[in-house]
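Each remark here refers to the structure printed beneath this line.
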Amino acid sequence: MDFAVFSDPAFDAKSWVNEALRPPNREPSANADTHASGLVMKLQMFIQEVNNSLEATSEQVVQDLPRVVRSVDLVNQEVTSLKDRIGAVKNEVEKVERETAESMRMLMVFDTVKSRMEATSSALQEADNWETLSADVDKAFASNDLAAMSSTLLGMQRSLMVLQDVPDYDQRQERVKRLQDQLEVAMSPKLMKAFADHDDGAAHECAVTFRDMDRENRVGHYYIQCHVAPLQASWQKLSADDTSPLSTVLPKFYGEVEELWSAERAWAPVVFAADSEAKVAQLICDVLAARTPSMHAVLKDDLGDGPDQLGRLVATFAATKSFAAKLSAQHPPLDTHVAHALLSPFFPYQMTYRKLQQLHLEHTSGTFAIPDTADDLTTLVAHVKETVPAVLAQLDEAVDTCFVLTAGTACGDLVHCLNEFLSSVAAMLNTCVPRVARAVSDRRTAVQGDADDWAAAESVFGLIESTGRLFLGLKRFERKLAARIAVIIQPDYHQDELANFSMLYHVGDKSWREAALETHAVAARPRASVLDAALEELRDVNRAFHELAFDTVLVPLRLKLSTLSHIEDWRDLASIDDFSLSPLPYVTAVGEHLLTIPQQLEPFITASVSDGTDDAATDYLMVALETGHLPACLALPTKADASEDDISTADHWLEAVAKALVSQYVVEIKKIVTLTPKGCAQLCSDIEYLCNVLSALDIPAPMDLQHVNQLLAVDASQFGKCASEIQASKEIISRLRSARNITL
């Protein structure tokens, strides 16, 4: 039992009893009465124990009380005695003060007199020293002995400090200043040599002399001058090299500056102590600022007006940032003045990033133009196929340029430039459409409409495959762009001062962040795009390619079907016994052509899937088909028990071509003027063959074709009833009733 609870100030007897009698606090086999009796016994024993303890403690206190009283009396007596002694000491001190006050006053007067006499003696000595030093200074300076010159001049400075009230003080001060100038001129070669050779003793000696002359700032001047001159000569030599771009020359100069930075950071504390880091930073700034010709002028000459202006600028800026990163890695964070000296020549170009990027992309898009001599299909398709990866590579390069040159802050301008660039690409592809159409027409004329000639169709499918590659590449590109923008819109992105230093100077307000947030929000949405303006133009071109491909595949089949209504056997009753019920050549040619479509499309689909990365399950033709246009293609799959994801590109094309073909077939059947019973049987045989071909391709026969087949097969007496039951179109019923010469 825990008895400590009874000493708790908030102890409640009722609560304790209730808690003690609860089942968790008693043995399962004991009832409440037995448990309560045990608790009472324990409490009684505890009370007895407490009473015994209290009784023993009380007896001990009674025994010790007389001794405590005696101790208290002794302490009281000692306190009284100490009080009397303190009073006596106080009286003695007051007595001494009264007796020695006059003596102390006289001692203070004597001390003041002594101090004044010593000051007067010192002044007289310094006045005498001035005369002596004035007589010796010319001799000391004539000897070129720097130690003697320094010692004499410093003595004159000390003498001048106590002669401030003499009438010719200004003349004496002017003379000392001239002598200081002479000593500085005489000592500066030694000081600069000490800086160049890292001579600790000589540098420290000269620095002390300059400090005693109150010219300590001149030490830093000579320190910088000592190191600027050699690097200035190196810069002039490197910048005069017209055979190499600045991006390759500049790292050599930066390498020399880096060596200076590392060496001086290790040695400068010998002379400049705690101020050494600031002095070395100032040295690097002055080295960069003293370049003649200036970095701005050399950069301008290097960039010129050529098409590679932006590429040269990015390469040079990347070399500069790489150098800044090395300096920052040695001693982070990089001094802001050094960073400004390095990057400031690039600020004007960062401010005009949009214009530079536009000019670069305009030049690049001009290289994608289709040559005037490219009129054959093979050349046109090959040109477009080569252009697509070049376009995607150019997009990636533009993003890299933006993030290198502006740290991503110009992403709004970047998106604008990319839309213009892709619009020009769409315009180039659009000019390709009529030229491909002419080439297809020429090819069709050359093969005289041969439906088995797939060369033209394969070429057009190659164009569609290229647009699919482009659309898929743009989708991946936007995901990568969104990921990179997501980094710069983080609230703590500015903490990396080196990476964002150009950004801080490039943008004077926070509008860039708003543009970046907006761009990221659009690029990150699955069904949105920051390139919508250009994508719509590309979709138009893609639709034109699809329509061209569709016509290329379908036209030869239409030519085969165009002879259907002119077959004489449909109405020639004399040949009824010889009329064959096997499918006629026109329909077998059409069926065979349909069966070859999956084989012709397979090379494109296989190549697309094997080329895929994260979208390996989607081929390029399907990507293009998502924004393309097939006139007869349904919005949803029509195959039984097939989801949209199960429909392949070949299935879409087959269904579209088959539906258009059947529609044309029905149109041609309706043109037949006369159908004999044998002709009806033959036409039913042809239709059955075509339906079997469609079934083999897993394409259901359209209802119009089924209605025509049923109306041709039914007996003339049942024609009206059948027409009512199947609910065929009025035009089909009317045309077939007229061709079969049936009167209702």
Side-chain angles (χ1 to χ4, degrees), residues 116 118-233 264 267-276 278-283 285-287 289-290 292:
R116 291 174 179 175
E118 289 177 348
T120 303
S121 174
S122 176
L124 291 173
Q125 286 182 342
E126 293 298 339
D128 184 59
N129 285 341
W130 174 267
E131 297 300 331
T132 303
L133 293 172
S134 295
D136 296 341
V137 68
D138 293 334
K139 181 179 178 181
F141 273 76
S143 67
N144 285 328
D145 185 349
L146 294 178
M149 294 166 63
S150 174
S151 176
T152 304
L153 180 58
L154 293 178
M156 293 181 69
Q157 288 181 195
R158 288 192 296 271
S159 297
L160 188 61
M161 292 177 63
V162 298
L163 297 175
Q164 296 183 8
D165 295 328
V166 297
D168 60 345
Y169 174 77
D170 292 339
Q171 290 82 358
R172 298 187 185 199
Q173 186 181 37
E174 184 64 28
R175 185 182 181 189
V176 169
K177 184 177 181 181
R178 288 197 302 271
L179 293 173
Q180 288 176 340
D181 292 341
Q182 293 179 30
L183 180 59
E184 179 180 335
V185 171
M187 189 170 283
S188 58
K190 178 181 178 180
L191 179 61
M192 293 183 67
K193 186 175 185 304
F195 285 147
D197 298 340
H198 284 182
D199 187 338
D200 298 0
H204 186 267
E205 178 185 345
C206 294
V208 170
T209 301
F210 273 76
R211 184 166 57 249
D212 291 340
M213 291 192 300
D214 292 331
R215 296 192 175 192
E216 190 173 5
N217 62 320
R218 299 293 293 169
V219 177
H221 168 76
Y222 287 112
Y223 174 71
I224 293 173
Q225 184 179 351
C226 166
H227 296 293
V228 165
L231 287 175
Q232 170 63 19
E264 294 309 312
W267 184 81
V270 173
V271 178
F272 301 106
D275 194 37
S276 61
K279 193 62 66 177
V280 174
Q282 183 183 352
L283 168 63
C285 289
D286 288 358
V287 166
T292 304

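In what follows, every heavy atom counts, from backbone to side chain, and hydrogens, waters and symmetry copies are set aside. The first residue of the sequence shown is numbered 1, and numbering continues consecutively from there.
For the pair F195/I224, no side-chain contact is recorded, criterion being any heavy-atom separation below 4.5 Å from C-beta on. Between M213 and K177 there is no side-chain heavy-atom pair separated by less than 4.5 Å. Looking at heavy atoms from C-beta onward, E205 lies in side-chain contact with K190 at the 4.5 angstrom threshold. In this structure, S150 and L183 have side chains that are in contact, with non-hydrogen atoms separated by less than 4.5 Å.
From T209, atom OG1 reaches atom NE2 of H204 across 10.0 Å, with rounding to the nearest 0.5 Å. In this structure, CZ in R178 is found 5.5 Å from CD in E174, a value given to the nearest 0.5 Å. Taking CG of L283 as the reference point, atom SG of C226 lies at 9.0 Å (rounded to 0.5 Å).
The minimum heavy-atom distance between A203 and L191, with the atom names listed, is O-CD1, 4.3 Å. Of all the heavy atoms in C206 and M187, the pair that sits closest is SG-CG, 3.8 Å. Contact record, E264 with H198: OE2-NE2, 2.7 Å, taken as the closest heavy-atom pair.
For H221, the NE2 atom is densely surrounded, since the number of other residues' heavy atoms within 6.0 Å is greater than 12.
Among residues two or more places apart in sequence or in another chain, the side-chain hydrogen bond (donor to acceptor under 3.5 Å, both in side chains) test is passed with D181 by R215.
Between F272 and Y223, the angle of the ring planes goes over 60°, which puts this pair in the perpendicular group of the 30/60° scheme.
Put simply, the side chain of S188 gets close to the backbone of V185: a donor and an acceptor are under 3.5 Å apart.
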